[in-house]
Number of protein chains: 2
Amino acid sequence: MAEGSRSGCPINLSLEVLGDRWSLLVLRDMIFGGRRHFRELLNDSEEGIASNILASRLKNLVDTGMLTRQPDPTHRQKVIYSLTEQAIDLVPVLAQLGSWGTRWLPVSAELSIRAQLLADGGPALWQRFMAELREEHLAIPADPALDGQSVRERLQAAYLAVASH
Amino acid sequence: MAEGSRSGCPINLSLEVLGDRWSLLVLRDMIFGGRRHFRELLNDSEEGIASNILASRLKNLVDTGMLTRQPDPTHRQKVIYSLTEQAIDLVPVLAQLGSWGTRWLPVSAELSIRAQLLADGGPALWQRFMAELREEHLAIPADPALDGQSVRERLQAAYLAVASH
DNA sequence: GATTCTGATTGCATTCTGCAAGCAGCATGG
DNA sequence: CCATGCTGCTTGCAGAATGCAATCAGAATC
């Protein structure tokens with residue numbers, strides 16, 4: 001499975017890590033959906049990923065340093081997946097990609113409101129969201145000056161507001 | 001080849017257009033490398049794309065509205081591919097993705113200097129670059145106040161400066 | 001008329017994908 | 001204790017996608 005890279009171009013190397021049909025969706029569900037366990041990623045997947053594909057992608061993402069896995073202290077046979085800083089640092093990429101998709105592709109209103117909000121929030125909002133993810137996944141305390149509703153809660157609230165119509 | 005989309009999520013739909021190992025590289029070569037013809041894309045490809053794969057991806061990109069194709073007036077059997085506004089609008093995505101790759105992956109110095117410059121330039125530089133692409137591909141005159149060296153020339157000069165070492 | 005260049009197609013082997021089924025280890029309810 | 005279900009993950013298998021090499025016809029060039 002370990003092959004040499006085709007070129008040292010940043011975009012090419014990024015594609016070799018993320019350029020398939022599922023890896024980025026797994027990261028999306030962890031980043032925006034707060035999923036941490038195999039079953040959550042499997043059953044709550046909007047696109048219906050197969051279990052063997054999910055297992056393969058999780059292994060890949062761990063191997064490429066995007067995720068770490070550790071046993072769940074509360075359930076001995078459970079595994080918790082955590083985002084690494086490398087993965088959290090994808091937030092601006094996902095924000096731009098989601099924004100582009102919202103502008104040009106036939107997205108559904110309820111699923112695109114989050115991309116819209118994140119794009120409108122700009123780098124300041126992205127940074128705040130990344131700080132929240134660091135706290136959640138890397139146990140890095142966030143700046144206590146950042147009070148109020150979390151970014152993910154705000155995104156989720158907006159989603160529910162649109163979806164209820 | 002025409003299949004329904006898995007979900008209306010912006011990131012998912014974007015991946016269905018761009019989420020394979022080659023499409024984004026073709027667009028990268030057109031946007032940053034200024035390639036317009038089949039042979040340029042084929043022979044000057046850093047990663048060595050095969051001709052049938054290139055043909056397949058070009059067809060896909062035309063079908064999804066990322067490119068247009070028109071006969072070359074100077075050579076009757078030649079085809080010129082042009083970026084659409086939808087593709088030009090990918091510049092911020094590519095800038096973020098290239099920046100991420102430069103920060104986290106083992107990129108080569110000479111191939112990452114452009115990503116570095118583009119990231120450092122920020123949205124202002126991206127907009128200028130996009131204006132240049134619109135002039136080149138869509139015949140939309142750029143603001144004459146934007147004088148001086150073009151963004152692509154600047155990126156290319158930086159690449160050559162690093163590569164010569 | 002031979003050669004070259006154009007974009008694209010074909011053959012064929014390999015890899016990827018995904019659905020269904022099943023696995024062992026652990027927890028829980030009775 | 002035993003039956004049941006949940007945990008993450010693996011296997012079988014068929015079909016689709018992918019990629020490399022070789023080749024193609026049409027047009028321009030020499």
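Treat the numbers as computed from the prediction; the structure is a model and nothing was measured. Chain letters run A, B, ... following the sequence lines, proteins first and then strands; every chain starts at 1.
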B/Leu42 CG to C/dC5 P, straight-line distance once rounded to whole Å | 13 Å
Would you say C/dT6 has OP1 or OP2 under 4.0 Å from some side-chain N or O of B/Tyr81?
-> no
Nearest whole angstrom, please: distance from the P of C/dA8 to the CG of B/Leu41.
-> 11 Å
Whole-Å distance, B/Asp72 CG to C/dG7 P, equals 9 Å
Expressed in angstrom and rounded to an integer, what is the separation of B/Leu54 atom CG from D/dA21 atom P?
-> 15 Å
Check: protein-nucleotides 10-13 of chain C nitrogen or oxygen pairs below 3.5 Å:
residue	atom	partner	partner atom	Å
C/dT10	O4	B/Asn52	ND2	3.3

Of the candidates C/dG18, D/dG8, C/dG7, the side chain of A/Arg69 sits closest to D/dG8
Length of the CG-P vector between B/Asp63 and C/dA8, whole Å | 12 Å
Measure the shortest side-chain to side-chain distance between A/Ile88 and A/Leu138 over non-hydrogen atoms and say whether it is less than 4.5 angstrom.
-> yes
Rounded to whole angstrom units, what separation is found between the CZ atom of A/Arg21 and the P atom of D/dT18?
-> 7 Å
Under the 3.5 angstrom rule, does the side chain of A/Gln116 hit a backbone N or O of A/Ser112 as a donor-acceptor pair?
-> no
Side chain of B/Ser56, base of D/dT18: donor and acceptor closer than 3.5 Å?
-> no
Separation of B/Phe38 atom CZ from D/dA27 atom C1', in whole Å?
-> 16 Å
Contact check, side chains of B/Asn60 and B/Asp20, non-hydrogen atoms, under 4.5 Å = no
Ignoring backbone atoms, test whether A/Trp22 places a side-chain nitrogen or oxygen under 4.0 Å from the OP1 or OP2 oxygen of C/dG18.
-> yes
Candidate nucleotides C/dT9, C/dG7, D/dC9, ranked by approach to the side chain of B/Ala55 - the nearest = C/dT9
Could you check if a side-chain atom of A/Val91 sits within less than 4.5 angstrom of a side-chain atom of A/Leu94, using non-hydrogen atoms only?
-> no
Gap between atoms CG and C1', on A/Asp20 and C/dT17 respectively (whole Å) = 11 Å
Are A/His37 and D/dT7 close enough that a side-chain N or O sits under 4.0 Å from OP1 or OP2?
-> no
If only atom types and distance count, is the side chain of B/Arg152 paired as donor or acceptor with the main-chain N or O of B/Ile31 below 3.5 Å?
-> yes
Of B/Ile53 and A/Ala50, whose nearest nucleotide on DNA chain C comes first from the 5' end?
-> B/Ile53
Could you tell me whether B/Arg21 and B/Glu47 have a side-chain N and a carboxylate O separated by less than 4.0 Å?
-> no
Just by modelled atom types, is the B/Gly65 backbone N or O under 3.5 Å from a matching donor or acceptor in the B/Thr84 side chain?
-> yes
Between B/Arg39 and B/Arg57, which is nearer to the 5' end of DNA chain D once each is assigned its nearest nucleotide?
-> B/Arg57
